[in-house]
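This report refers to the structure that appears directly beneath it.
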Amino acid sequence: MAVSYYGNIMDVETSGASLRTARAEGLNDGGVQASETIAAKDLKYMEKYKTMIKNVSQKTGIDAAVIAGIISRESHAGTVLKDGWGDHGNGFGLMQVDKRYHKTVGTWDSEAPISQGASILCDMINRIAKKFPQWTKEQQLKGGISAYNAGPCNVQSYDKMDIGTTGNDYANDVTARAKFYKIQSY
C-alpha cells in the first residue's frame, strides 16, 4: 500500500464529526464513530466511482481514500445532488467544485471534476505547507483538507483549523471518513 506524496492519512489525528454534523445525519453522537457510520452508508454508492477515484489518485498523488472522504462529506457519493449540483447551485460534481471560484469541467459524475477537485486539494495542501513549513506532512494534509472547504486563509493554527469550516469539523470529519475508506481498499 503506497503512502501518498502528501502524507499518510492513517497517521493524521482526528476527532471525527461534530455533534452538529452527526445530528444532521440522524445520529445522536459525534466523533470518529459517527464519521465512520456516515462513510459506511455512502460506501455502496462510492463503489460506482472507485476506479475513477483510483485513477485520479494515481495522477495527483492524493490518496484515493482522501478523495473518497471528501466525496462522502460533500455529496454522499452523489446521492444528495440535483443534476450534479449542490450547495444552492454553486457546487458541481462529487467533490462539489465551487463555480464561483472555478470553471467547472466534464459531466458531474465523470472523472474530470474529480480530477479538478483533487487538483484544487493539491493546491490547498501546497499552500498550507508553504504557510506552515514546520508542520509534518500529515498536519499539512489535514490543513489542506480544511482549506479545501474554507480556504487557506481560514487555517490559522493546527488545533483550530476547523473553526470556520462547514460544521466547524470539516477536516476532522473528512479525515475520519478517509480512514474508513482506506480500510475498504481505497
With a 3.5 Å cut-off and sequence neighbours excluded, list the donor-acceptor pairs that the side chains of residues 79-94 form with protein atoms.
residue, atom, partner, partner atom, Å
T79, OG1, H76, O, 2.8
N90, ND2, D87, O, 3.4

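- For the pair T60/L121, no side-chain contact is recorded, criterion being any heavy-atom separation below 4.5 Å from C-beta on.
- Qualifying side chain to side chain contact (heavy atoms under 4.5 Å, CB included) partners for L43, counting only residues two or more places apart in sequence or in other chains: E47, F180, Y181, Q184, Y186.
- The 12-atom threshold is exceeded at CD of Q134, counting heavy atoms of other residues, nucleotides or ligands nearer than 6.0 Å.
- Taken to the nearest 0.5 Å, the NZ atom of K54 stands 5.0 Å off from the NZ atom of K50.
- Looking at every heavy atom in both residues, A150 comes nearest to G164 through CB-O, 3.9 Å.
- In this view, D11 satisfies the salt bridge (charged side-chain N to carboxylate O under 4.0 Å, His left out) rule with no residue, not counting sequence neighbours.
- Here the closest heavy-atom approach between residue V66 and residue A178 is recorded as CA-CB, 3.8 Å.
- Following chains of ILVMFWY side-chain contacts shorter than 4.5 Å, one can reach I70 starting from I183, so the two form part of one hydrophobic cluster.
- Taking hydrophobic clusters as Ile, Leu, Val, Met, Phe, Trp and Tyr residues chained together by side-chain heavy-atom distances below 4.5 Å, I163 does not share a cluster with Y148.
- The shortest non-hydrogen separation linking Y45 to A77 is CB-CB, 3.6 Å.
- The backbone N or O of N172 sits less than 3.5 Å from a side-chain atom of D162, completing a donor-acceptor pair.
- A heavy-atom distance below 4.5 Å is found between the side chains of C122 and I62.
- Looking at residues two or more places apart in sequence or on another chain, you find a side chain to side chain contact (heavy atoms under 4.5 Å, CB included) between A147 and M124, I128, P152, V155.
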Residues Q156, K131; criterion side chain to side chain contact (heavy atoms under 4.5 Å, CB included); working and verdict: CA-CA 9 Å; Q156 297 298 317; K131 187 174 179 178; 3.6 Å; yes
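- Side-chain atoms of Q33 never come within 3.5 Å of backbone atoms of G30 as a donor-acceptor pair (strictly under, hydrogens ignored).
- For the pairing with V56, the side chain to side chain contact (heavy atoms under 4.5 Å, CB included) check across M95, Q116, E111 returns one residue only, E111.
- The two residues S72 and D42 come nearest to each other via the heavy atoms OG-OD2, 2.6 Å.
- The two residues A17 and A34 have their closest heavy-atom pair at CB-CB, 4.2 Å.
- Following chains of ILVMFWY side-chain contacts shorter than 4.5 Å, one can reach I120 starting from I53, so the two form part of one hydrophobic cluster.
- Between the side chain of Q140 and the main chain of I125, no donor-acceptor pair closer than 3.5 Å is present.
- For N149, the side-chain hydrogen bond (donor to acceptor under 3.5 Å, both in side chains) partners at least two apart in sequence or on another chain are T166.
- Annotation: side chain of K41 is in contact with side chain of T37 (closest heavy-atom distance under 4.5 Å).
- Listed by chain and residue number, E74 satisfy the side-chain hydrogen bond (donor to acceptor under 3.5 Å, both in side chains) test with Y170 (two or more places apart in sequence, or in another chain).
- For M52 against I114, the heavy-atom pair with the smallest separation is CB-CD1, 4.1 Å.
- Partners of D29 according to the side-chain hydrogen bond (donor to acceptor under 3.5 Å, both in side chains) rule, which considers only residues two or more places apart in sequence or in another chain, do not exist here.
- Taking the side-chain hydrogen bond (donor to acceptor under 3.5 Å, both in side chains) definition, one finds that K179 meets it with nothing, sequence neighbours left out.
- Judged as a side-chain hydrogen bond (donor to acceptor under 3.5 Å, both in side chains), the pairs with a partner in residues 117-130 (not counting sequence neighbours) are, in order, D123-R127.
- When the salt bridge (charged side-chain N to carboxylate O under 4.0 Å, His left out) test is applied to D169, the partners found at least two apart in sequence or on another chain are R73.
- Within the structure, ring-ring contact (aromatic ring centres under 6.0 Å, His included) contacts touching residues 123-143 (residues at least two apart or in different chains) are F132-W135, W135-Y158.
- With a 4.5 Å cut-off on side-chain heavy atoms, T165 and S146 count as touching.
- In the hydrophobic clustering of ILVMFWY residues, with side-chain heavy atoms under 4.5 Å counting as a link, M10 and I67 come out together.
- The salt bridge (charged side-chain N to carboxylate O under 4.0 Å, His left out) check on E36 picks up nothing, with sequence neighbours excluded.
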Where do T175 and L141 land on the side chain to side chain contact (heavy atoms under 4.5 Å, CB included) test, with the steps shown first? CA-CA 9 Å; T175 296; L141 171 60; over 6 Å; no
